[in-house]
Protein chains: 2
Amino acid sequence: MKLHQLRYLHEVVKQGLNITNAAEALYTSQPGVSKQIQLIEEELGLQIFKRNGKRLTGLTEPGQQILNLAARVIRDIENIKRVGDEFSDAEKGMFTIATTHTQARYKLPAAVKAFMNQYPQVKLNIHQGNPMQVAEQVVSGEADIGIATESISSYDELLCLPCYHWNRCVVVPNDHPLVHGGPLTLEKLAAYPLITYDFAFTGGTLVSKTFSDAGLNPNVVLTAIDADVIKTYVSLGLGVGLLANMAYDAERDINLTRIDVSHLFADSTTYLGIRKDAFIRGYMYGFIELIAPHFNRQAVNAALKTSD
Amino acid sequence: MKLHQLRYLHEVVKQGLNITNAAEALYTSQPGVSKQIQLIEEELGLQIFKRNGKRLTGLTEPGQQILNLAARVIRDIENIKRVGDEFSDAEKGMFTIATTHTQARYKLPAAVKAFMNQYPQVKLNIHQGNPMQVAEQVVSGEADIGIATESISSYDELLCLPCYHWNRCVVVPNDHPLVHGGPLTLEKLAAYPLITYDFAFTGGTLVSKTFSDAGLNPNVVLTAIDADVIKTYVSLGLGVGLLANMAYDAERDINLTRIDVSHLFADSTTYLGIRKDAFIRGYMYGFIELIAPHFNRQAVNAALKTSD
DNA sequence: CAACGTTACGCTCTTCGTAAAGATG
DNA sequence: CATCTTTACGAAGAGCGTAACGTTG
């Protein structure tokens with residue numbers, strides 16, 4: 001069995017069972033990929049892929065298990081290379097953060113700036129996505145760490161460290177009736193068309209639960225993953241915006257009025273997620289400490305230790 | 001990076017940093033091993049081994065970490081092969097149990113016999129050792145499961161399933177004063193020379209703790225890992241035997257008298273240990289259920305699930 | 001017939017084993 | 001000087017790419 005074969009398998013699945021695309025992604029020829037897959041199936045004495053004639057149509061049951069193991073092997077090989085990089089030049093490397101728009105735009109910039117000063121030789125990548133995508137990028141190893149709220153803690157490949165608490169605010173145009181409408185309640189809020197994050201009402205998230213516990217069914221007219229998009233549509237008078245407190249910028253958003261709603265919703269916690277079995281480079285510890293000062297290197301390692 | 005290289009590294013370390021022996025164990029030439037080690041060190045850009053001139057004298061810090069990862073990769077490759085075996089012929093394979101003498105000799109035979117009837121095509125191996133060796137064989141993958149008492153539960157790579165409870169007895173020659181000396185106490189026991197398991201007094205085991213809690217310092221004159229050895233020396237009048245209840249065979253040991261001491265020591269639990277990340281073949285589930293009927297396949301999987 | 005997977009074949013690069021030389025204690 | 005590691009070199013083998021062929025929808 002060769003490492004190459006496992007990589008090929010992995011890529012074929014990643015490319016939706018398309019050998020041609022996988023070969024392209026791997027910068028190699030497609031007959032080569034085809035051949036190696038046949039070879040490993042022959043060596044293991046079973047079919048990994050379900051086939052309809054020559055087309056791949058799915059994974060067999062053992063194939064699925066083999067793929068999970070192959071993925072771990074590939075990650076470990078990656079980890080070995082990182083150990084090499086870390087010790088040959090600790091200050092140099094790549095670092096990919098997966099996060100949501102709100103974090104990337106309003107919470108991370110300070111940490112990112114400090115990080116880039118501290119580690120000028122590290123190439124930093126920020127991947128943006130909804131919380132589920134963030135979690136999956138970290139699980140798959142596409143991103144080194146993920147920063148998002150709540151939902152990432154359900155993956156048990158990930159170690160989740162609480163970073164900070166936050167709550168929400170409502171933003172409305174300055175001439176909106178809510179501006180002078182007295183203390184805000186859930187009932188009042190539910191009476192207006194709402195514009196908020198597109199994942200706020202998927203699954204049992206805190207916002208949707210708060211409304212439904214109060215027997216309310218808010219009228220969400222528009223959703224986006226992007227706080228700036230939400231604010232734009234609020235400015236146009238299309239509805240009332242409900243977003244993270246940190247996403248309101250008093251200087252920039254002068255055409256909008258912010259109304260705190262901490263009393264209506266429980267605090268949320270933003271978590272930092274990292275694969276339990278990943279090799280953590282020195283600068284990654286550095287970044288973690290920048291955004292969550294209570295997690296220094298020792299604290300992270302301790303959390304990793306107890307999570308097994 | 002090649003799988004072969006990781007295997008070479010692993011074997012060199014296993015052979016005590018001796019390339020020559022490693023090459024022999026791998027059925028290949030020693031220059032080949034030497035070369036591949038150089039190549040991987042070059043690829044990673046660091047030294048894995050500390051060297052004194054040409055001799056290997058130890059692992060560097062990154063080398064140690066690389067070796068841990070390499071070991072996991074090797075185990076995962078092994079797991080992949082097992083998935084193949086399981087699905088191509090579920091009834092056929094190898095199965096290695098690491099256990100202590102007492103378990104192997106007095107507790108497992110019934111399960112082993114039933115297992116061999118049920119899976120005649122499985123090659124069964126029993127490795128014997130003290131509890132620590134048992135645990136380490138399972139951790140390293142040399143054995144598939146380990147069966148021993150207490151001490152194996154401290155390795156966090158292992159999932160430990162409680163199998164059964166047991167207690168101890170004292171055995172003495174038939175004409176020994178303790179036979180008609182009324183109810184046995186710790187004090188009386190401590191007054192005689194003791195012969196028992198050689199790990200019973202290492203670390204904080206239950207037996208040593210029981211004595212020390214009572215302020216007693218028993219006189220252990222001889223220890224062995226083998227219950228039969230203990231009984232032999234007891235027969236010779238060299239001391240009083242303290243061993244597992246199950247190790248006394250009423251029919252065979254007619255020259256010895258058994259005195260129950262369940263009232264002096266708390267029950268011990270025998271655990272079955274298995275690597276959390278191992279692929280478990282169908283017949284392994286079968287064996288587990290034979291020695292611990294409360295752990296059927298689902299129960300084992302459930303325990304694995306919650307242990308992450 | 002367009003997209004995709006497999007077979008065939010020649011080329012290149014890698015790996016392996018033998019033989020010999022260089023270090024170490 | 002016995003043991004161990006590295007260097008050198010020729011032979012065997014594995015993987016890759018191009019081209020051609022067979023299938024699927």
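All chains are named by letter (A, B, ...) in the order of the sequence lines, taking the proteins before the strands, and each is independently numbered beginning at 1. As the structure is a computational prediction, the values presented were derived from the model and not from experiment.
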message: Expressed as a whole number of angstroms, how long is the span from B/Asn18:CG to C/dG25:C1'?
response: 15 Å
- prompt: What residues, two or more places apart in sequence or in another chain, satisfy salt bridge (Lys or Arg N to Asp or Glu O under 4.0 Å) together with A/Arg297?
  reply: none
query: Contact class for B/Leu17 (heavy atom, under 4.0 Å): base, sugar-phosphate, or nothing?
result: sugar-phosphate
message: B/Glu157: which residues meet the side-chain hydrogen bond (donor to acceptor under 3.5 Å, both in side chains) condition with it, sequence neighbours left out?
response: none
- prompt: Does the side chain of A/Thr28 get closer than 4.0 angstrom to OP1 or OP2 of D/dG17 through an N or O atom?
  reply: yes
- prompt: Which residue pairs pass the side chain to side chain donor-acceptor pair (under 3.5 Å) test when at least one of the two sits in residues 54-69 of chain B, sequence neighbours left out?
  reply: B/Gln64-B/Asn68
- request: Establish, with yes or no, whether the OP1 or OP2 oxygen of D/dT7 is under 4.0 angstrom from a side-chain nitrogen or oxygen of B/Ser34.
  value: no
field: Residues within residues 47-57 of chain A bordering DNA chain D, heavy-atom distance below 4.0 Å
entry: A/Asn52, A/Gly53, A/Lys54, A/Arg55
A/Ser29 side chain near D/dC16 phosphate (N/O to OP1/OP2, under 4.0 Å): no
message: Among residues at least two apart in sequence or on other chains, which ones pass ring pair (Phe, Tyr, Trp, His ring centres under 6.0 Å) with B/Phe115?
response: B/Phe95, B/Tyr119, B/Phe287
- request: Using the test salt bridge (Lys or Arg N to Asp or Glu O under 4.0 Å), find all partners of A/Glu11 that sit at least two apart in sequence or belong to another chain.
  value: none
field: side-chain N/O B/Gln36 vs C/dC16 OP1/OP2, d < 4.0 Å
entry: yes
field: B/Asp226: partners by salt bridge (Lys or Arg N to Asp or Glu O under 4.0 Å), with sequence neighbours left out
entry: none
- prompt: Would one find a side-chain N or O of A/Gln30 under 4.0 angstrom from OP1 or OP2 of D/dC16?
  reply: no
task: Quickly work out the B/Ile37 CD1 to D/dC4 P distance and round it to whole Å.
output: 15 Å
Distance in angstrom units between B/Lys35 NZ and D/dA8 P, rounded: 10 Å
message: Please enumerate all residues that pass ring pair (Phe, Tyr, Trp, His ring centres under 6.0 Å) together with A/His4, with sequence neighbours excluded.
response: A/Tyr8
statement: Here the distance between atom C1' of D/dA14 and atom CD1 of A/Ile40, to the nearest Å, is 15 Å
statement: Applying salt bridge (Lys or Arg N to Asp or Glu O under 4.0 Å) to A/Asp228 and not counting sequence neighbours gives A/Arg105, A/Lys231
task: Taking only heavy atoms on the protein side, list every residue of residues 1-14 of chain B lying under 4.0 Å from any atom of DNA chain C, sorted numerically.
output: B/Lys2, B/His4, B/Tyr8
field: Proximal nucleotide (of C/dT15, C/dT6, C/dA19) relative to the A/Ile19 side chain
entry: C/dT6
query: To the nearest 10 degrees, how far apart in direction are the end axes of the helix from C/dC1-D/dG25 to C/dG25-D/dC1, each fit to five base pairs?
result: 40°
- prompt: When you check the side-chain N and O atoms of B/Tyr197 and B/Thr102, is any donor under 3.5 Å from an acceptor?
  reply: yes
statement: Contacts satisfying salt bridge (charged side-chain N to carboxylate O under 4.0 Å, His left out) that involve residues 118-145 of chain A (not counting sequence neighbours) are A/Arg82-A/Asp144
query: Can you check whether A/Leu69 reaches A/Val73 side chain to side chain, under 4.5 Å on heavy atoms?
result: no
task: Measure the distance from CG on A/Asn21 to P on C/dC4 and round it to the nearest whole Å.
output: 7 Å
